[in-house]
Peer 1: 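First, the structure itself, so that you have it in front of you.
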Protein chains: 2
Amino acid sequence: MTTVQGARARARIEITAAIKDEARRQLAAEGAAKLSLRAVARELGMVSSALYRYFPSRDDLLTALIIDAYDTVGAAAERAHAAAVRADPRDHLAHWVAVCRAVRAWAIAHPHEYALIYGSPVPGYTAPQDTVVPAARVALLLVATAREAYRDEGVALPPLPDDLAPEAERLAADLAPDLPPALAVALVFAWAQLFGLVSFEVFGQFNRVVEDRDAFFATAAERLGREAGITPRPRA
Amino acid sequence: MTTVQGARARARIEITAAIKDEARRQLAAEGAAKLSLRAVARELGMVSSALYRYFPSRDDLLTALIIDAYDTVGAAAERAHAAAVRADPRDHLAHWVAVCRAVRAWAIAHPHEYALIYGSPVPGYTAPQDTVVPAARVALLLVATAREAYRDEGVALPPLPDDLAPEAERLAADLAPDLPPALAVALVFAWAQLFGLVSFEVFGQFNRVVEDRDAFFATAAERLGREAGITPRPRA
DNA sequence: GGTTTGCGTGAGCACTGCTCTCGCTTGAGA
DNA sequence: TCTCAAGCGAGAGCAGTGCTCACGCAAACC
């Protein structure tokens with residue numbers, strides 16, 4: 001599908017990628033606050049103003065990094081999910097936990113990129129439309145996992161209070177019309193809570209509180225799965 | 001207790017407070033990234049270098065704001081808790097929910113201050129020791145609420161997996177020696193998950209997803225309370 | 001082959017955090 | 001009461017930032 005392009009078009013793609021790579025390096029090293037266009041340009045051997053041919057502003061560079069970050073964490077989660085399905089196609093709780101662990105592992109390995117997407121929004125900055133699809137990737141994977149469990153095993157969930165019923169219908173209609181509203185609500189809860197756990201760990205809130213964070217997270221992820229209606233696989 | 005102080009000492013206190021106030025104003029208006037010492041000084045009619053007599057660096061100013069933010073959200077939560085106890089001393093789930101709502105309300109009212117304390121750590125920045133006591137204030141309140149419920153009504157919690165048992169003992173010993181380890185773990189879960197929910201709302205992750213956020217959060221807070229072992233009050 | 005378009009250059013503007021020296025003022029000790 | 005160190009504000013200055021703009025060169029299109 002990629003037609004043979006002129007040298008110029010190809011150079012543009014390569015330079016754009018190089019800028020993002022170098023920016024990612026600085027991001028990983030120093031954090032978003034100290035990411036500087038001039039330093040990126042310097043490191044790439046170009047003059048700072050040249051960089052504006054590729055990204056009209058610092059915020060646009062950050063937005064590109066944000067989209068990439070959403071995509072890589074989404075891809076990592078999807079890989080982990082696929083591997084878990086391969087290992088045991090029927091153990092849906094294991095699939096769920098695998099997704100959670102993948103998100104956590106990626107976050108710990110790339111804390112500054114994680115902060116970029118799940119921390120405080122950086123500048124003035126309202127998330128552009130381009131970010132919403134990649135941002136939904138992990139969420140949709142959680143929904144898909146819960147859906148498979150629901151199809152295979154059904155679900156028993158606590159009833160919803162009346163005043164949440166309209167919201168629950170709306171949520172279900174938006175993100176999973178084939179699932180019961182109570183499950184849609186439980187999934188959104190679990191989704192937010194998963195990132196609450198990961199954020200607390202990555203952002204240091206667990207310092208001097210939780211020591212054995214692997215075991216802690218494993219249990220938490222499993223409980224989240226159960227709250228999302230996924231029953232553990234009965235022992236064979 | 002406050003001895004009569006010289007005019008100089010008093011001026012120092014007042015100016016320090018004025019700097020923090022103005023900084024908070026700019027923080028609320030533009031966010032931490034755009035908080036500038038020079039702008040604060042300008043607004044206060046002093047020269048920027050004078051400000052360094054009061055805060056040795058921008059990070060120190062931010063740290064002061066962080067401590068204040070932890071304290072105000074903690075105070076708000078404590079007020080809400082006290083009011084709920086006054087309204088019905090036996091309804092522990094209502095006390096819990098009141099604390100959660102107070103945290104959320106404060107976060108929504110002061111999103112940038114919330115981001116400062118529960119978002120991504122801002123600069124290079126490792127949290128100084130001074131912040132850990134105020135930071136624990138909300139957490140300790142949650143523990144206290146759960147403790148009262150536990151004393152009055154006991155608790156039934158899911159069993160912990162074996163590999164989490166040592167961590168659970170440690171947690172219980174550190175933050176509530178009088179509570180069962182499984183409850184200590186459940187409390188840390190609930191604590192992280194509470195701020196996961198609030199962060200997702202404040203940081204815009206719920207945009208285009210959750211509409212009726214009041215009802216959504218109310219249900220979530222109640223479920224968190226139940227997971228933390230607080231049973232609803234039986235109807236009188 | 002001529003022209004439009006894309007792109008790197010370098011100067012420059014307004015801003016930032018932070019440092020340093022210079023004086024004035026305050027307040028505690030002799 | 002006088003003295004002198006300490007506290008404090010002023011101003012200049014350094015190094016760095018995001019971003020803009022006119023300028024030329026080179027590639028791509030007609």
Side-chain angles (χ1 to χ4, degrees), chain A residues 2-20 22-23 25-27 29-66 112 116 121-125 128, chain B residues 2-20 22-23 25-27 29-66 112 116 121-125 128:
Chain A
T2 46
T3 52
V4 177
Q5 288 172 316
R8 198 162 233 176
R10 193 149 63 206
R12 182 165 238 286
I13 291 173
E14 278 172 20
I15 295 179
T16 304
I19 292 171
K20 286 203 288 184
E22 178 57 33
R25 274 200 44 242
Q26 293 195 14
L27 177 63
E30 301 270 18
K34 299 202 174 168
L35 199 173
S36 127
L37 287 190
R38 291 183 111 112
V40 170
R42 209 180 301 131
E43 211 66 26
L44 260 46
M46 47 166 80
V47 125
S48 72
S49 55
L51 215 144
Y52 286 82
R53 301 282 181 193
Y54 300 89
F55 296 93
S57 80
R58 185 176 183 275
D59 278 10
D60 289 277
L61 214 202
L62 281 177
T63 300
L65 294 182
I66 287 172
H112 286 117
L116 210 53
V122 194
Y125 195 92
Chain B
T2 46
T3 53
V4 176
Q5 289 172 316
R8 196 161 234 175
R10 192 149 64 205
R12 181 164 237 288
I13 292 172
E14 276 171 21
I15 295 179
T16 304
I19 292 171
K20 287 204 287 185
E22 177 57 32
R25 275 202 42 243
Q26 294 195 14
L27 177 63
E30 300 270 18
K34 299 201 174 169
L35 199 174
S36 129
L37 287 191
R38 290 183 110 112
V40 170
R42 209 180 302 133
E43 211 66 26
L44 260 47
M46 48 167 80
V47 122
S48 71
S49 58
L51 213 145
Y52 286 82
R53 302 282 181 194
Y54 300 89
F55 296 94
S57 79
R58 185 176 183 275
D59 279 11
D60 289 275
L61 214 201
L62 280 177
T63 300
L65 294 182
I66 286 172
H112 286 118
L116 209 55
V122 194
Y125 196 93

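These numbers come from the heavy atoms of this one structure, side chains and all, not from hydrogens, waters or symmetry mates. In what follows, every chain begins at residue 1, and chains take the letters A, B, ... in the order their sequences are listed.
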Peer 1: Would you say that B/L35 contacts B/L65 through its side chain, given a criterion of any heavy-atom pair below 4.5 Å between the two side chains?
Peer 2: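 A side-chain contact exists here, since the closest heavy-atom pair is under 4.5 Å.
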Peer 1: Can you measure A/R58 atom CZ to D/dG16 atom P for me and round it to whole angstrom units?
Peer 2: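 Whole-Å distance recorded here is 17 Å.
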Peer 1: Determine: side-chain N/O of B/R12 to OP1/OP2 of D/dC8, distance under 4.0 Å, yes or no.
Peer 2: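 Checking B/R12 against D/dC8: at least one side-chain N or O falls below 4.0 Å of OP1 or OP2.
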Peer 1: In this structure, how many angstroms lie between the C1' atom of C/dC7 and the CG atom of A/L51, rounded?
Peer 2: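 My rounded result for the distance is 12 Å.
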Peer 1: Calculate, to the nearest 0.5 Å, the distance between atoms CD1 and CG belonging to A/I19 and A/L51 respectively.
Peer 2: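 Interatomic distance, A/I19 CD1 to A/L51 CG, rounded to 0.5 Å: 4.0 Å.
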Peer 1: Assess whether one donor atom and one acceptor atom, taken from the side chain of A/R38 and the base of D/dG16, lie less than 3.5 Å apart.
Peer 2: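 Donor-acceptor pair under 3.5 Å: no.
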Peer 1: Using a cut-off of strictly less than 4.0 Å, decide whether B/R53 has a side-chain nitrogen or oxygen near OP1 or OP2 of D/dG7.
Peer 2: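 So the side-chain polar atoms of B/R53 never come under 4.0 Å of the phosphate oxygens OP1 or OP2 of D/dG7.
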Peer 1: Give the rounded distance in Å between these two atoms: NZ of A/K34 and P of D/dT17.
Peer 2: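 Result: 12 Å.
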Peer 1: Looking at C/dG8, I'd like to know if its phosphate oxygens (OP1 or OP2) sit under 4.0 Å from a side-chain N or O belonging to A/Y54.
Peer 2: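 For A/Y54, the contact criterion (side-chain N or O under 4.0 Å from OP1 or OP2 of C/dG8) is met.
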Peer 1: Take atom CZ of A/R8 and atom P of D/dC29, then tell me their distance rounded to the nearest Å.
Peer 2: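 Rounding to the nearest Å, CZ of A/R8 and P of D/dC29 are 10 Å apart.
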Peer 1: Which atoms form the tightest heavy-atom contact between B/L116 and B/A32, and what is the distance?
Peer 2: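 For B/L116 and B/A32, the tightest heavy-atom pair comes out as CD1-CB, 3.8 Å.
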Peer 1: Are A/F55 and A/T63 side-chain neighbours, meaning at least one heavy-atom pair lies under 4.5 Å?
Peer 2: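 No. Closest side-chain heavy atoms not under 4.5 Å.
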Peer 1: Under 4.0 Å, heavy atoms only, any strand: does B/L44 hit a base, just the sugar-phosphate, or nothing?
Peer 2: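 If one applies the 4.0 Å heavy-atom cut-off, B/L44 turns out to touch nothing in the nucleic acid.
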Peer 1: Roughly how many Å is it from CD1 in A/I15 to C1' in C/dG6, rounded to a whole number?
Peer 2: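 To the nearest whole Å, that distance equals 11 Å.
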Peer 1: What is the distance, to the nearest angstrom, from the CG atom on B/L37 to the C1' atom on C/dG17?
Peer 2: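 Answer to the nearest Å: 7 Å.
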Peer 1: Heavy atoms under 4.0 Å, any strand shown: does A/L61 hit a base, just sugar-phosphate, or nothing?
Peer 2: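 Nothing: the residue A/L61, judged by heavy atoms under 4.0 Å, touches no strand.
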Peer 1: Quick one: pull up CD1 in B/I15 and NZ in B/K20 and give me the separation to the nearest 0.5 Å.
Peer 2: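 Going from CD1 on B/I15 over to NZ on B/K20, the span is 14.0 Å.
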Peer 1: Base, sugar-phosphate or nothing for A/S48? Non-hydrogen atoms, less than 4.0 Å.
Peer 2: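 Base: the residue A/S48, judged by heavy atoms under 4.0 Å, touches a nucleobase.
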Peer 1: Any side-chain N or O of B/R42 under 4.0 Å from OP1/OP2 of C/dT16?
Peer 2: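 Yes, within the criterion.
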Peer 1: Rounded to whole Å, how long is the line connecting atom CZ of B/R10 with atom P of D/dC8?
Peer 2: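 Result: 15 Å.
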Peer 1: Rounded off to whole Å, could you give me the CE-to-P distance for the A/M46 and C/dC7 pair?
Peer 2: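 A/M46 atom CE is separated from C/dC7 atom P by 11 Å.
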Peer 1: Using only side-chain N and O atoms of B/S36, determine if any of them is under 4.0 Å from OP1 or OP2 of C/dT16.
Peer 2: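 So the side chain of B/S36 is within the cut-off, an N or O lying under 4.0 Å from OP1 or OP2 of C/dT16.
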Peer 1: Has the side chain of B/S49 got a donor or acceptor that lies under 3.5 Å from a partner of the other kind on the base of D/dG11?
Peer 2: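 Pair found.
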